[in-house]
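FYI, side chains are in, hydrogens and waters are out, and symmetry mates aren't considered; it's all heavy atoms of this structure. Numbered from 1 within each chain, the chains take letters A, B, ... in sequence-line order.
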Amino acid sequence: MTDRSTWTFVALAGLLVVVAGALPMLADARPAYEIPAPTVEEDLAGTDAAGWEEVPAAEVPLESAPSGLPNAETVSTRSVDVQAARSDGEVYLRMQWQDAEASESASAPQDFADAVAVQIPADPGEQPAIAMGSQSNLVNVWYWSDDTGTEELLAGGQGSTTAFDNASVQTWAEHAGSGENGTWTVVFNRPAEPAGDNRTVITGDEDLDIAFAVWDGGNAERSGHKAVSGWYYLPFAGDSGGPPFESILWAIAGLAIVAVVVVTIQGVRRARAGGGE
Amino acid sequence: MAHENFEIADGVDHQVAMVMDLNKCIGCQTCTVACKSIWTEREGTEYMYWNNVETRPGKGYPRRWEEKGGGWASEEHTERTPGEIPSSEDYGEAWEFDHEGILKEGEDKKLAPEGGKPEWGPNWDEDQGAGEHPNSYYFYLPRICNHCTHPSCVEACPRQAVYKREEDGVVLVDQDRCRGYRYCVEGCPYKKIYYNAVSKNSEKCVFCYPRIEGEGPDDEVQPPACADQCVTQLRLAGYLDDTEGPIYKLVEQYEVALPLHPEYQTTPNVYYIPPFAPPQHSEDGETVDVDRIPRSYLEQLFGERVNDALDTIEQERQKVERGGYSELMEILQDRNPAEQYRLEVFSDD
């Protein structure tokens, strides 16, 4: 094998390494628990606003919250599709989930309305307890139900939600279809950096922890009887390729493969050269 | 505060209480109207009767409330009994009448509930009772919130919006904290908390606390409106721990005033003097020595202690009939009206 063919082989091996390294990244376009949050120029204000077409959705699995309330373990909603985007100083979230029939109003003693909520830390630098935060680490909750409308809440532990005065959150909501195709779509919008104490300031400089909850009013879900996610995050820190350690591991693995190929080729060449003497 | 003979809730200074003598109730609903006029003539409260009077035996208000769970599983008060929220139909919808059309616009139709013939409502089974002629029977049972010593509604609320007031044990719903989850409605075995679909909060009897605080008419301490307006003045209002008062004597000393459904384990603070009725008659009209109201039925409502209570009252009555003196009979006959409402005994505390 000539030097030229050796280097061609090495180059091919290197290419293979790059492709092999990139494949898992392509197959799983983002790290687990990341909700992409691109900046979008087009309109996001509405359940069918044009801007949502260019925002990738993350499917977030949900399970019952361990609240200890009666029937808390039986929840209807298994997952929610979440889209997040930034636009001109505003943050938007669109959530969509299957619900055969809209429970829109609590106009009778036994009726409960469907609802959805987003939870973020009041202080984005520190991840609070998942169940409504704690007294020392508060959360902001953006809540919507068709019965009571939109609420912007502050919480410091279970049972402590308190409404902010003058909510800075607005919503758009729509239920379409029925049965298997019945779907709620709710869009939350809030300025990234609103005024007021204890309101989460979303600077865009650091990732934002975020969690989700859905209540099926038809199943008498309310309060801590709800379907919830764990913590996810919006990758506002600028690196949407995932945590750095993952790239470093792939780089080390790639270099190791290249080194093994080079050493093997050198060995084969030496062996052939020795055999020809 | 330590109380030797009886229990009041931890953290509560005094416990308001009411005794209702069922032998005096004529089912006139004046208490119901008094309560409704003051407290539940707002939007969303139309179907609510914080005070109601139901005929017994009967299904009650809301319909079959005794079958809807709630309360505590045992006297340990560690585990609650699951409960359910009554339906609109069980409460009975507030009927709409076309007064305007009939009375002012001359529409030719009967004054009847709009939207079809109703099939149930509060007091629907009034005076039906039970038994066969000539031994049929019924009595009236006025009901308000029991302001329990172990209120399961308080425990049921995940937001601590329902609480027992420190100064007098009145159970209240903090309307600012309440978010209308209705776990209290499920949790109350007496179904005396109601959901307001307009305010989106739950609400209940407040023992007319502004009146007992002197914030009512004429800036004077007044008894709860249901007691004040009662035609036969069958209610005593005061404090269970007022050991000089008639409520303490009836409940703790003579043990003739009993809580409704003590097996719910919430320790109510509304007590009832159980009803007497004439004995049964034979077919030819002769009196026979058989209780008209079966003791078994009264035991269902008030527990086995109802037997001793009725025996005690009977003995004291016979004592008076023989010309003797009975403090118990004096109390039951309201011979001293000044004692009926002892609501200022702790006002200097």
- Query: Is the side chain of B/Arg177 donor-acceptor paired with the backbone N or O of A/Gly159 at a distance under 3.5 Å, no angle test?
  - Reply: yes
- Task: Inspect the surroundings of OH in A/Tyr33 and state if more than 12 heavy atoms from other residues, nucleotides or ligands are less than 6.0 Å away.
- Result: no
- Message: Other residues, nucleotides and ligands only: do more than 12 of their heavy atoms fall within 6.0 Å of CD on A/Glu101?
- Response: no
- B/Glu114 atom CD, neighbour heavy-atom count above 12 within 6.0 Å: yes
- Query: How far apart are the closest heavy atoms of B/Tyr183 and A/Arg222, and which atoms are they?
  - Reply: OH-O, 3.4 Å
- Relative to chain B, which segment of A/Asn71 carries a heavy atom at a distance below 4.5 Å: side chain, backbone, both, or neither? neither
- Query: Would you call A/Phe112 and B/Arg182 a side-chain contact if the rule is heavy atoms closer than 4.5 Å?
  - Reply: yes
- Within a reach of under 6.0 Å around CD of A/Glu63, are more than 12 heavy atoms found that belong to other residues, nucleotides or ligands? no
- Greater than 12 external heavy atoms within 6.0 Å of B/Tyr209's OH: no
- Message: I'd like to know if the side chain of A/Gln110 reaches the main chain of B/Ile85, judged simply by a donor and an acceptor atom lying under 3.5 Å from each other, with no hydrogens or angles considered.
- Response: yes
- A/Ser223 versus B/Arg159, side-chain donor and acceptor atoms under 3.5 Å: no
- Task: Let me know if B/Glu186 has heavy atoms under 4.5 Å from chain A in its side chain, its backbone, both or neither.
- Result: side chain
- More than 12 heavy atoms from other groups under 6.0 Å of CD on B/Glu167: yes
- Check whether more than 12 heavy atoms from other residues, nucleotides or ligands sit under 6.0 Å from atom CD of B/Gln175, and answer yes or no. yes
- Kindly compute the distance separating OG1 (A/Thr148) from CZ (B/Arg179), expressed to the nearest 0.5 Å. 6.5 Å
- Pick one of side chain, backbone, both or neither for A/Glu221, based on which atoms fall under 4.5 Å of a heavy atom in chain B. neither
- Where on B/Tyr194 is there a heavy atom nearer than 4.5 Å to chain A: the side chain, the backbone, both, or neither? neither
- Task: Tell me, for B/Pro158 versus chain A, whether the close heavy atoms (under 4.5 Å) come from the side chain, the backbone, both or neither.
- Result: both
- Task: Count the heavy-atom pairs under 4.5 Å between each of A/Ser160, A/Pro109, A/Gly224 and chain B, then report the option with the highest count.
- Result: A/Pro109
- Among B/Ala156, B/Ser87, B/Ala161, B/Pro82, single out the residue with the greatest number of heavy-atom pairs under 4.5 Å to chain A. B/Ser87
